[in-house]
J.: 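One structure follows; several queries about it will come next.
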Amino acid sequence: MPNAVDSPETLPASASRPANLAATLRLSIGRTWRRVRAERGTVELPDVQLAILVRLVKDGATTPGAIAEFHGIRPPSATRAVQHLEELGLAVRSEHPTDRRQVLVTVTEAGREEVRETMRRRDAWLARQLAALTPAERELLARATAVLNKIVES
């Protein structure tokens, strides 16, 4: 039986219609992201706490209020998340340099390592899945990645 990747003509014409493709692609991207997201470092963290760590690594120190706003959570939830990260030694709170009513949250080296390990495990899992594909399938995914980036950037 021909592989759909090697024989695009085997796909029904309706598969490439924008509405049908949108629904199928959304489901596939969602399932893929959920599976990738399951790969974690050594510390059991809720998704939002890992996301906070990733943002701290990427963007640097910030306030709990900015964390709440960025992640779409309530300020008390952000404060509890930061407290948990601090208890685990993954983040620290310090005095804000210009506003004594606020604190700054900074990632620790242990927090940076947790983010690195999580990303390493996610990349390794995905690389194993890609290695099991045919060269033609990987080429198709490489092309699709460029198209997905075009969609996101428009």
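As a basis for the values below, the full set of heavy atoms in this structure was taken, side chains included, without hydrogen atoms, waters or symmetry mates.
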J.: Judged by atom type as modelled, is there a donor-acceptor pair below 3.5 Å linking the side chain of Thr108 to the main-chain atoms of Gly89?
T.: yes
J.: Using the rule that two of Ile, Leu, Val, Met, Phe, Trp, Tyr join whenever any of their side-chain heavy atoms come within less than 4.5 Å, decide whether Leu27 and Trp33 are in one cluster.
T.: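 Each belongs to a different hydrophobic cluster.
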J.: What distance separates Leu104 CG from Thr62 OG1, expressed to the nearest 0.5 Å?
T.: 7.5 Å
J.: Has Glu69 got more than 12 heavy atoms of other residues, nucleotides or ligands less than 6.0 Å from its CD?
T.: no
J.: Following the transitive rule for hydrophobic clusters with a side-chain heavy-atom cut-off under 4.5 Å over Ile, Leu, Val, Met, Phe, Trp and Tyr, establish whether Val115 and Val48 coincide in one cluster.
T.: yes
J.: Look only at the side chain of Asn20 and the backbone of Ser14, and say whether a donor-acceptor pair between them is shorter than 3.5 Å.
T.: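 Yes: the side chain of Asn20 pairs with the backbone of Ser14.
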J.: For Arg26, enumerate each residue passing the salt bridge (Lys or Arg N to Asp or Glu O under 4.0 Å) test, keeping only those at least two apart in sequence or located in another chain.
T.: none
J.: Kindly say whether Glu95 contributes a backbone atom to a donor-acceptor pair with the side chain of Arg100 at under 3.5 angstrom?
T.: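 No, the answer is negative, given that no donor and acceptor are paired below the 3.5 Å cut-off.
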J.: How about Leu45 and Leu88: do any of their side-chain heavy atoms sit closer than 4.5 Å?
T.: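 Yes, at least one pair of side-chain atoms sits under 4.5 Å.
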J.: Tell me, do Leu90 and Val107 make a side-chain contact under 4.5 Å, heavy atoms counted?
T.: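 No. Closest side-chain heavy atoms not under 4.5 Å.
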J.: Looking at every heavy atom in both Thr118 and Gly41, which two are closest together, and how far apart are they?
T.: OG1-N, 2.9 Å
J.: Is any side-chain heavy atom of Val105 less than 4.5 Å from a side-chain heavy atom of Ser94?
T.: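 No. Closest side-chain heavy atoms not under 4.5 Å.
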J.: Is the side chain of Arg93 donor-acceptor paired with the backbone N or O of Val103 at a distance under 3.5 Å, no angle test?
T.: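 It does not hold such a pair.
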J.: Is the closest basic N to carboxylate O distance between Glu39 and Arg120 below 4.0 Å?
T.: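 Salt bridge absent between Glu39 and Arg120.
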J.: Tell me whether His96 contacts the main-chain N or O of Thr98 through its side chain, where contact means a donor paired with an acceptor under 3.5 Å.
T.: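 Flag set: sc His96 to bb Thr98 pair under 3.5 Å.
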J.: Among the clusters formed by ILVMFWY side chains lying less than 4.5 Å apart, do Trp125 and Val54 turn up in the same one?
T.: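 Different clusters.
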J.: Would you indicate whether Glu44, at its atom CD, is surrounded by more than 12 heavy atoms from other residues, nucleotides or ligands within a distance under 6.0 Å?
T.: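 Result for CD/Glu44: open.
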J.: Within the side chain of Glu114, is there an N or O that forms a donor-acceptor pair under 3.5 Å with the backbone of Thr42?
T.: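 Yes; at least one donor-acceptor contact below 3.5 Å.
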J.: When rounded to the nearest 0.5 angstrom, what distance separates OG1 in Thr32 from CD in Gln129?
T.: 10.0 Å
J.: If you measure from CD on Glu87 to CZ on Arg80, what distance do you get to the nearest 0.5 Å?
T.: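 Going from the CD atom of Glu87 to the CZ atom of Arg80 covers 12.5 Å.
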J.: So, do Leu148 and Leu25 sit near enough that their side-chain heavy atoms are less than 4.5 Å apart?
T.: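 In contact.
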J.: What's the separation between atom CD1 in Ile67 and atom CG in Leu56, rounded to the nearest 0.5 Å?
T.: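 So the CD1 of Ile67 and the CG of Leu56 are separated by 5.0 Å.
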J.: Quick check: do Arg122 and Arg37 have side-chain heavy atoms less than 4.5 Å from each other?
T.: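 Result yes, sub-4.5 Å side-chain heavy-atom pair found.
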J.: Quick one: do Leu85 and Phe70 end up in the same hydrophobic cluster if we chain Ile, Leu, Val, Met, Phe, Trp and Tyr together by side-chain heavy atoms under 4.5 Å apart?
T.: no
J.: Without swapping roles, check the side chain of Arg74 against the backbone of Ala68 for a donor-acceptor pair under 3.5 Å.
T.: no
J.: Look up atom OG in Ser154 and atom CG in Asn149, then write down how far apart they are to the nearest 0.5 Å.
T.: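 Rounded to the nearest 0.5 Å, the OG-CG separation comes to 11.0 Å.
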J.: To the nearest 0.5 Å, what is the distance between CZ on Arg128 and CG on Asp123?
T.: 10.5 Å
J.: Following the transitive rule for hydrophobic clusters with a side-chain heavy-atom cut-off under 4.5 Å over Ile, Leu, Val, Met, Phe, Trp and Tyr, establish whether Ile52 and Val92 coincide in one cluster.
T.: no
J.: Tell me if a side-chain donor or acceptor on Thr24 pairs with a main-chain N or O of Leu21 at a distance below 3.5 Å.
T.: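 Side chain of Thr24 to backbone of Leu21, a donor-acceptor pair under 3.5 Å: no, none is there.
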J.: Report yes if some heavy atom in the side chain of Leu141 is under 4.5 Å from a heavy atom in the side chain of Leu133; otherwise report no.
T.: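 Counting from C-beta outward, Leu141 and Leu133 do come under 4.5 Å.
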